[in-house]
Amino acid sequence: MPTPRSSAPKQRRERARLFLARAVRMPVVHYLLSGSFLFLIVSNLEASPASSQAGKVAPVLFDAGDIAQLEREWADQHGFPPDRREGQALLDRAIGDEILFREARALGLDREDRVVGNRLVELARFVAVAPDDDEMELERQARSLGFDRSDPVVRHHLVQMMELAASRPLPSDIPTEEDLREYCDSHAQELTRPAQTLLSHVYLSRQRRGAAVGRDAEVLRDILRRTGARPEEAAGQGDPFVRGSRVGPVADAQLQALFGAHFSAAISRLPTGQWAGPVVSAYGMHVVWIHERVPSYSPSCESQRNRVVHLLLRRNRQERLAKRMTTLRKRYLASAD
């Protein structure tokens, strides 16, 4: 039966609404929207200052309870409390994030950015009495509940957008040949490639084997030597290891981060091309086969041109962001006096 003409415009509008609702969830659209909003942020930062630049602002204040919460979150993530330096870095970061979040709201990005809008719709659907309401109503409900101010995902997204805008690359950031040579000369040690090791290992879990783990590892090492097992054949003779049986090539610092300082130090003394160990790690015991050791070397500046360009661009962005944050911090923290 033909659709009445009077209802056709309404149906077209509904189809368009559904299409847009689907479209804003597509990653490529998010990318394009992010690029558009970066341009918007930059334009506003330079041409139309946020409210914080127009007059006195509410100060950013963190009390003892706020600081204790930051330290608890750190301890939950790392397994130990932060030291004084780490605690100060946590507080500095929290203050900077709060300033950027307020600046984003002053620029109206929390209402214009559809990534924020979509997140608020999701939150409203989760808690709403009427989850079948249209998206505009759900977003309104989320804002009335304060999710646009309290949700950590929204806050993190807006802070990231502000950081990207404040540190955006400029044409003047493109390094010259002289800049590249000067950086290579002054950062020779940083650009040197450290010695690396490529190894395979068979893992035995301390949790699974208890006090027998050391004996089991020695028995396994002797069996692998006696049978002439190759590393690819031996992987299944131990316990499952989340990072796999082949590691590297990696530098000593990476080995230490992955397995612990004792493991890294022991690896440096093992012979190549044979089963050795067992070696203790933070996880248990390992019977190890060293495939090769790549010595440290200093590549030419030209051979790592792309890396140096990237490092220079990153340095320029970080300096620009730091300068911007210094200006903002003076304004917000001065308001506390």
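Here the closest non-hydrogen pair linking Gln254 and Val250 is OE1-CA, 3.6 Å. Contact between Arg225 and Ala276 at its shortest, heavy atoms only, is NH2-CA, 3.9 Å. When all heavy atoms are compared, the tightest approach of Val154 to Val116 is CG1-CG1, 3.9 Å. Among all heavy-atom pairs drawn from Arg208 and Ser205, the shortest one is N-OG, 3.1 Å. Closest heavy-atom contact between Ser296 and Arg193: OG-O, 3.0 Å. The shortest heavy-atom contact between Phe101 and Leu158 is CE1-CD1, 3.7 Å.
Annotation: ring pair (Phe, Tyr, Trp, His ring centres under 6.0 Å) contacts of Tyr283 (sequence neighbours excluded): Phe241.
Side chains of Gln69 and Glu73: a donor on one and an acceptor on the other come within 3.5 Å. Between the side chains of Gln256 and Asp252, not a single donor N or O lies within less than 3.5 Å of an accepting N or O.
Grouping the Ile, Leu, Val, Met, Phe, Trp and Tyr side chains by contacts below 4.5 angstrom, directly or via other members, places Leu311 with Leu313. Placement of Leu120 and Val159 within a single hydrophobic cluster is found when ILVMFWY residues are connected by side-chain heavy-atom separations under 4.5 Å, directly or transitively. Linking ILVMFWY side-chain heavy atoms closer than 4.5 Å, directly or via other members, places Leu270 and Val280 in two distinct hydrophobic clusters. If you chain together hydrophobic residues whose side chains sit under 4.5 Å apart, Trp289 and Leu258 never meet in one group. Residues Leu123 and Leu109 share a single hydrophobic cluster, defined by chaining ILVMFWY side chains whose heavy atoms lie under 4.5 Å apart.
Considering CD of Gln237 and CG of Leu224, their distance stands at 5.0 Å, rounded to 0.5 Å. Here the CE atom belonging to Met325 is positioned 7.5 Å from the CD atom belonging to Glu163, to the nearest 0.5 angstrom. Expressed to the nearest 0.5 Å, how far NE2 of His157 lies from CG of Asp110 amounts to 10.5 Å. Rounded to the nearest 0.5 angstrom, Arg206 CZ and Asp216 CG are separated by 12.5 Å. Atoms CG and CD, from Asp83 and Gln88 in turn, are 11.5 Å apart once rounded to the nearest 0.5 Å. We find the CG-CG distance between Asn118 and Leu138 to be 11.5 Å, quoted to the nearest 0.5 Å.
The closest donor-acceptor contact from the side chain of Glu182 to the backbone of Asp179 lies at 3.5 Å or more, if one exists at all. In this structure, Ser268 contributes its side chain and Ala265 its backbone to a donor-acceptor pair below 3.5 Å. The closest donor-acceptor contact from the side chain of His156 to the backbone of Pro152 lies at 3.5 Å or more, if one exists at all. Here the side chain of Arg329 pairs a donor or acceptor atom with the backbone of Asp92 at under 3.5 angstrom. Glu233 contributes a side-chain N or O that, together with a main-chain N or O of Arg230, makes up a donor-acceptor pair within less than 3.5 Å. Remark: the backbone N or O of Gly277 is paired with a side-chain donor or acceptor of Arg221 at under 3.5 angstrom. For the pair Arg155 (side chain) and Arg149 (backbone), a donor-acceptor distance under 3.5 Å is present.
Looking only at side-chain heavy atoms (C-beta outward), Val294 and Leu198 stay at 4.5 Å or farther from each other. With a 4.5 Å cut-off on side-chain heavy atoms, Leu107 and Met162 count as touching. Within the 4.5 Å cutoff, the side chain of Glu71 has heavy atoms near those of the Pro82 side chain. Using a 4.5 Å heavy-atom cutoff, the side chains of Leu100 and Leu328 are in contact. Using a 4.5 Å heavy-atom threshold, the side chains of Val247 and Phe259 count as touching. Residues Arg119 and Asp148 form no side-chain contact, since every pair of their non-hydrogen atoms from C-beta on lies 4.5 Å or further apart. In this structure, the side chains of His310 and Asn306 stay at 4.5 Å or more apart for every pair of heavy atoms. Residues Arg317 and Leu321 have side chains not in contact (no heavy-atom distance under 4.5 Å, counting atoms from C-beta outward).
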So Lys323 and Thr326, side-chain contact (heavy atoms from CB on, under 4.5 Å) or not? Walk me through it. CA-CA 5 Å; Lys323 183 177 180 180; Thr326 297; 5.7 Å; no
Met285/Arg215 under side-chain contact (heavy atoms from CB on, under 4.5 Å): CA gap, chis, key distance, verdict: CA-CA 10 Å; Met285 305 290 286; Arg215 183 199 62 209; over 6 Å; no
List the steps and the verdict of side-chain contact (heavy atoms from CB on, under 4.5 Å) for Leu199 and Leu255. CA-CA 11 Å; Leu199 62 89; Leu255 273 179; 4.2 Å; yes
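Screening His201, His262, His286 for a side-chain hydrogen bond (donor to acceptor under 3.5 Å, both in side chains) with Ser281, the sole residue that qualifies is His286. Just one of Ile223, Ile290, Val288, Val202 meets the side chain to side chain contact (heavy atoms under 4.5 Å, CB included) condition when paired with Trp275; it is Val202.
Between Arg93 and Glu86 there is no salt bridge, since no side-chain nitrogen of the basic residue lies less than 4.0 Å from a carboxylate oxygen of the acidic one. With respect to the salt-bridge test (charged N to carboxylate O, under 4.0 angstrom), the residues Arg181 and Glu178 do not qualify. A salt bridge links Arg102 and Glu98; the closest N-O separation between the charged side-chain nitrogens and carboxylate oxygens is under 4.0 Å.
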